[in-house]
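Just so you know, residue 1 is the first one in the sequence shown, and it goes up from there.
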Amino acid sequence: MKILQIGEGNFLRAFAEDYIQKANEQGLLNAEVYICQPRSNTKTIDALKAQNNEYNITLSGRFKGEVVDETKKISCVKQCFDTQSEFDEIEALFCDDDLKLVLSNTTEAGICFDENEKADTVPNKNIPARITNLLYKRFKSGKGGVVFLPVELIEDNAQTLKKYILDYAALWGYESKFSDYIENECSFCNTLVDRIVSGHKAGDSDPCSVSAEPYASWIIQADEKCREVFPLDKFDGIVFANDLSAYRTRKVRILNGTHTMSVLTAYMSGIDIVRDMMNDEVFAKYINLGLEEIKQTIELPKEELDSFANSVLERFNNPFIDHKLFDISLNSMAKFNTRCLPSILDYMKINGRAPKILSFAFAALIAFYLKVGTNREYTPNDSPEVIEFFNNHIPSRGKLL
């Protein structure tokens, strides 16, 4: 099986390739990955070509109760293409019978629509437009459909990509049978991905090496075509689900929400990095109590929530990463609104009263911006509108900025 990967960045190379490499080694897949870059920069593509498309990933952190620090060789990448000068080779691959799967990570801004794109532009600058033209060539060559697994961090990423492909097909006047082909022969499976990838280690002799945490999660809204092509359900953190909403809520409220409810209080108490917060007796208890409140608001089996929460605590206590609390405090108002406030409101609906820990976290949020209850000197880092709001509500203490 051949896989086209649109995106040469650190995340996919330390995430998707790690999964594919392990699946190949275990005999679950027999896959070759072909990588092209979404834009014009060829630095990584050129570096990969220079070393036979092989590179190392280093996984460092806590995982399932153990400290992990291992380096793995990635050899599942067969070939890399420069999208600008070798687009004819990408077109040939797209019309290959053995191409079954297309992965993409083109950043959140990559899945968009530009009505000014033309059908005869090669290659199109807009990613969905480019994919539309490639898919049209596959359709005209009589080949079967392919499975699309985008990992861009937008909700309903695959369905959004599909919508724009159909929009381009209509804009460019392609025949209705092509739209039927998109709808009925191709699969567009929404995904939710999670792994912290810290990037290339300075001084590493391998210019393409990538460092990441051991934890990884790939939730896929998989249909039958996807299950046939990519049969990795329950494989090392891969889960096939009919609906991603509960898993998205789990990630936002437990992983991101626990960060947001704790870092401001810890920073104002004199702690500087996440790991030290996790190893503080008081904050360890505070975080665990807050997690119990959050878990009540998520509709997933308790064992799944407990397992995910435990993995989050391990990830926060990574001995290899000094994650600064003040850096995490950036735009905390918007983060709290998205990550913590829904848990508070749902907890109140369920229990008829406010949660103690999350309510304290809300008070700490206000105190952080008002700079009360702490001896630390700092300037909150947020939008001008948020800073102005708090400047207008500080009683006789002066302005934040």
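Looking at E117 and K125, no side-chain N of the basic residue comes within less than 4.0 Å of a carboxylate O on the acidic one, giving no salt bridge.
Defined by atom type and a distance below 3.5 Å, a donor-acceptor pair is missing between the side-chain atoms of T42 and D82.
Of the listed residues (N318, N317, D322), just one forms a side-chain hydrogen bond (donor to acceptor under 3.5 Å, both in side chains) with R275, and that residue is D322. Between K143 and the options D97, D98, D96, a side-chain hydrogen bond (donor to acceptor under 3.5 Å, both in side chains) holds for only D97.
Using a distance-only test at 3.5 Å, with no hydrogens or angles considered, no donor-acceptor pair links the side chain of Y378 to the main chain of F326. Side-chain atoms of W218 do not come within 3.5 Å of backbone N or O of V151 as any donor-acceptor pair. A donor-acceptor distance shorter than 3.5 angstrom exists from the side chain of D206 to the backbone of N56, with no hydrogens or angles considered.
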If you apply the rule side chain to side chain donor-acceptor pair (under 3.5 Å), what do you find for N351 with Q296, and how did you get there? CA-CA 10 Å; N351 296 286; Q296 292 184 42; 3.2 Å; yes
Go through it in stages, so that I can follow the logic: the residues are S217 and R195, the test is side chain to side chain donor-acceptor pair (under 3.5 Å), and I'd like the CA-CA distance, side-chain angles, deciding distance and then a yes or no. CA-CA 7 Å; S217 173; R195 169 171 265 180; over 6 Å; no
Open item on the list: What verdict does the ring pair (Phe, Tyr, Trp, His ring centres under 6.0 Å) test give for Y164 and Y168, after you've listed the backbone C-alpha separation in whole Å, the side-chain angles of each residue and the deciding distance to 0.1 Å?
Closed with: CA-CA 6 Å; Y164 292 148; Y168 278 117; 7.6 Å; no
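Using a 30° and 60° split on the angle between ring planes, Y174 and Y136 fall in the parallel class, below 30°.
With Y267 as the aromatic partner, R376 meets the cation-pi criteria of under 6.0 angstrom to the ring centre and within 45 degrees of the ring axis. Under the 6.0 Å distance and 45° angle rule, K137 does not count as a cation-pi partner of F139.
The two residues R248 and D156 have their closest heavy-atom pair at NH2-N, 3.9 Å.
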